[in-house]
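I have placed the structure first, in the form of structure tokens, so that the comments after it can refer back to it.
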Amino acid sequence: MAKIAQISAKYIIHSKIEIEGMVDRPDVIGAVFGQTEGLLGADLELRELQKSGRIGRIEVNLDSKKGKTFGTIVVPSSLDKAETSIVAAAIEVITRIGPCNAKVTVSKIEDIRISMREQVIKRAKSLLKDLMDKSMPDSQELSDEVAHSVRMMEIQTYGKEKLPAGPGVEESDEVIVVEGRADVLNLLKHGFKNAISINGTSIPETIVDLGKEKTLTVFVDGDRGGKLIVQELLARAEIDYVTKAPDGKEVEELTKKEIHKSLRSKITAEQAKLEMGSSSNNSSSNSSSSRSRSSNRSSSSSRSSSSKPKSAKSATQAEKAKFSSMLEDLIGTRGAYILDDKLSILGKVPVAELQSTMKSLGSGIYAVVFDGEIDKDIISVASKGGVSHLVGMKTKVKSSSGLNIYTTDDF
């Protein structure tokens with residue numbers, strides 16, 4: 001007997017069946033053929049239609065519950081719409097299956113082509129998305145990617161301190177001195193191969209030696225930490241030029257255009273010293289004026305005041321919230337934030353370099369937040385530097401005069 005699969009059908013008739021008793025699948029199929037026989041004429045006889053392949057295999061699914069049988073009848077059809085609708089209506093005339101009363105209801109006639117079309121559209125969208133995601137980049141993207149990878153591989157170490165540096169430091173007459181390894185990488189990315197990092201806040205001997213042989217341009221971040229590093233470099237090495245990133249930006253995040261603009265705006269070391277000296281004089285003038293206003297105090301009062309240890313005010317709620325947020329950011333990094341009195345970050349250094357950094361910066365540090373344990377040595381260095389707040393993960397020292405100590409338990 002010739003039969004067609006549902007895949008070749010144009011329509012599928014979906015019917016529900018309710019039977020007042022217990023019957024089997026052959027009983028239902030027999031009723032479909034038997035009770036529709038002769039009903040629609042020779043052209044639409046179900047047996048003949050199935051033999052010719054215009055009606056496919058009839059699927060019957062049954063489930064018995066509490067003495068009754070429920071199920072579905074699925075009939076695939078390759079007839080046209082009208083003929084398929086007639087066959088569907090004919091199936092509903094079935095009123096008895098075996099010895100039991102039955103009711104058949106056609107729930108819908110499904111157009112297979114619509115379902116297949118929706119499936120095709122859905123799959124096409126998925127394939128198009130994959131194609132777009134995995135499409136080949138243009139030539140410029142390929143060039144940029146290759147150039148970036150090569151430059152990243154070009155970073156080297158230089159000198160006895162193994163400072164991060166570009167490959168052009170050795171042969172170049174001019175060298176750009178930056179703060180960290182990320183700065184060197186960014187300059188390499190944009191084609192500057194003659195950069196070297198001081199790799200911290202203490203000035204390496206390699207930089208001092210380079211200043212005797214080459215023209216050094218100091219290129220620092222646009223924050224207070226950068227200014228402090230410039231001061232240290234001017235004091236210890238032979239620097240020729242000084243420049244900085246735009247205010248609030250770091251060298252490692254600058255675009256090529258910003259780097260070129262900053263280097264074009266460099267000033268001589270002598271001019272930088274004059275500008276810093278002017279700033280220092282203004283500070284000294286303010287300090288002298290303050291001392292003059294306090295000179296009316298009695299000498300005994302002055303002696304009494306000078307004998308008292310420095311006393312730092314407790315942190316405000318806003319400051320504590322800021323400390324807590326920074327401490328959370330540092331968890332697991334073994335890093336330290338050095339802050340000024342406006343809670344701006346002067347610099348971020350490894351905990352291993354924290355004490356040496358505080359010593360080299362001297363005054364101007366308001367607070368230190370770090371991923372580590374507060375001990376007597378750190379407290380001693382912080383106290384000498386005039387630090388007001390010391391924030392760590394935990395502490396070995398409960399309190400210290402003139403210095404506020406906070407840990408995670410305090411927030």
Side-chain angles (χ1 to χ4, degrees), residues 1-139 141:
M1 181 182 290
K3 297 180 182 178
I4 60 173
Q6 292 188 17
I7 190 74
S8 64
K10 293 189 290 185
Y11 305 100
I12 295 181
I13 303 169
H14 294 272
S15 305
K16 294 181 180 179
I17 184 169
E18 299 178 15
I19 306 168
E20 298 289 335
M22 305 289 287
V23 297
D24 294 325
R25 180 175 172 276
D27 298 328
V28 177
I29 294 176
V32 170
F33 285 110
Q35 295 185 40
T36 59
E37 187 174 1
L39 182 64
L40 303 176
D43 291 341
L44 293 178
E45 187 70 44
L46 282 182
R47 293 186 188 277
E48 296 302 321
L49 289 173
Q50 196 171 62
K51 287 179 181 179
S52 64
R54 302 181 70 190
I55 288 291
R57 180 184 178 187
I58 299 174
E59 295 288 343
V60 177
N61 299 298
L62 299 176
D63 183 25
S64 299
K65 190 180 296 182
K66 295 182 180 179
K68 293 185 177 182
T69 305
F70 304 89
T72 59
I73 303 174
V74 178
V75 182
S77 167
S78 61
L79 302 168
D80 60 24
K81 289 181 180 179
E83 292 171 332
T84 300
S85 298
I86 293 171
V87 171
I91 293 174
E92 288 191 336
V93 303
I94 298 172
T95 58
R96 196 168 184 83
I97 296 176
C100 308
N101 293 327
K103 181 180 180 182
V104 178
T105 305
V106 175
S107 56
K108 67 174 181 177
I109 298 176
E110 179 184 0
D111 189 333
I112 292 296
R113 292 166 298 180
I114 293 176
S115 300
M116 292 176 67
R117 189 179 300 118
E118 290 175 351
Q119 183 178 352
V120 168
I121 292 172
K122 182 178 179 181
R123 181 57 179 158
K125 288 179 179 178
S126 175
L127 291 171
L128 178 60
K129 182 178 182 299
D130 290 342
L131 180 62
M132 293 176 68
D133 290 343
K134 298 175 182 178
S135 61
M136 290 183 64
D138 59 30
S139 58
E141 289 176 339

Requested in this report: Give every residue pair that meets the salt bridge (Lys or Arg N to Asp or Glu O under 4.0 Å) criterion with at least one member in residues 78-88, sequence neighbours excluded.
Outcome: R54-E83
**Report entry** For E48, all residues meeting side-chain contact (heavy atoms from CB on, under 4.5 Å), sequence neighbours excluded
**Finding:** E45, K51
Report task. Check F70 against K65 and note the closest heavy-atom contact, atom names and distance. Result -> CE1-O, 4.2 Å
Using a 3.5 Å cut-off and no angle test, enumerate the donor-acceptor pairs between side-chain atoms of residues 90-98 and protein atoms at least two apart in sequence or in another chain.
from: E92; atom 1: OE2; to: V106; atom 2: N; distance (Å): 2.8
from: R96; atom 1: NH1; to: N101; atom 2: OD1; distance (Å): 2.6
from: R96; atom 1: NH2; to: P99; atom 2: O; distance (Å): 2.7

Report summary line: Contacts of I114 meeting side-chain contact (heavy atoms from CB on, under 4.5 Å) (sequence neighbours excluded), chain-then-number -> D111, R117, E118
Query raised in the report: How far apart are the closest heavy atoms of S78 and G53, and which atoms are they?
Result: OG-O, 3.7 Å
Donor-acceptor pairs under 3.5 Å, side chain of residues 13-27 to any protein atom, not counting sequence neighbours: which ones?
from: H14; atom 1: NE2; to: E110; atom 2: OE1; distance (Å): 2.9
from: D27; atom 1: OD2; to: D24; atom 2: N; distance (Å): 3.0

Query raised in the report: Could you give the distance from OG1 (T72) to CG (D63), rounded to the nearest 0.5 Å?
Result: 10.5 Å
Requested in this report: Find the distance between CG (L39) and CD (E37) and round it off to the nearest 0.5 Å.
Outcome: 10.5 Å
Query - L127: side-chain contact (heavy atoms from CB on, under 4.5 Å) partners, not counting sequence neighbours - result: R123
